[in-house]
Amino acid sequence: MPNDSTKALLNIQQQLKELDVIFQDTMEGSLNTVSGTERVAKWRARTIALLKESVGDKEAEEFARLQPGMVFTNDLVEEFTDLVDCFRVPLKALGQKIFKARQVPPAGGS
């Protein structure tokens, strides 16, 4: 993980905000889950690139491998919610991991 954890955290926070905007626009605005899904796909591509740049290749690749689970309903709203959560939860967890790592003093002599 690069030393610039502040940049990484800011990028993650920004991407979470963008994902929330996509979710809100889709659920409260258009209810067009197909368009929302397309927007999530574009968001995901940008997020992977930002993670690669600010957090590292390993974390970006792990995020890129995320796929929503099998869906057994015909409820497009539920499917869209699951899609968003599939990316929101791990991204939030990565931000928390980076935040906690910032607070741990480096090992070594003083």
List the residues meeting salt bridge (charged side-chain N to carboxylate O under 4.0 Å, His left out) with R88, not counting sequence neighbours, and say none if there are none.
D20, D85

I need the Q15 CD to L50 CG distance, nearest 0.5 Å.
5.0 Å

As an exercise, state the distance from CD1 of I98 to CG of L9, rounded to the nearest 0.5 Å.
5.5 Å

Is there side-chain contact between [X] and [Y], with at least one heavy-atom pair below 4.5 Å?
| X | Y | result |
| --- | --- | --- |
| K7 | E53 | yes |
| P68 | D82 | no |
| I12 | T47 | no |
| M27 | T81 | yes |
| E79 | T33 | no |

Joint hydrophobic cluster, [X] plus [Y], side-chain heavy atoms closer than 4.5 Å:
| X | Y | value |
| --- | --- | --- |
| L51 | F99 | yes |
| V77 | V84 | yes |
| L83 | L76 | no |
| L94 | L19 | yes |

For the residue pair C86 and L66, what are the closest heavy atoms and their distance?
O-CD1, 3.8 Å

Note: A8 and S54 closest approach over all heavy atoms is CB-O, 3.6 Å

Option among D75, V40, V34 that satisfies the side-chain contact (heavy atoms from CB on, under 4.5 Å) test with F80:
V40

Once the angle between the rings of F63 and F87 is folded into 0 to 90°, is it parallel (under 30°), tilted (30 to 60°) or perpendicular (over 60°)?
tilted

Say whether, by atom type as modelled, one donor and one acceptor occur between the side chain of W43 and the main chain of E18 under 3.5 angstrom.
no

Between E59 and K97, is a side-chain contact (heavy atoms from CB on, under 4.5 Å) present by the stated rule, with each step listed?
CA-CA 11 Å; E59 289 81 1; K97 176 181 162 186; 4.2 Å; yes

Is there any salt bridge (charged side-chain N to carboxylate O under 4.0 Å, His left out) pair reaching into residues 32-44, and which pairs are they, with sequence neighbours excluded?
D25-R39

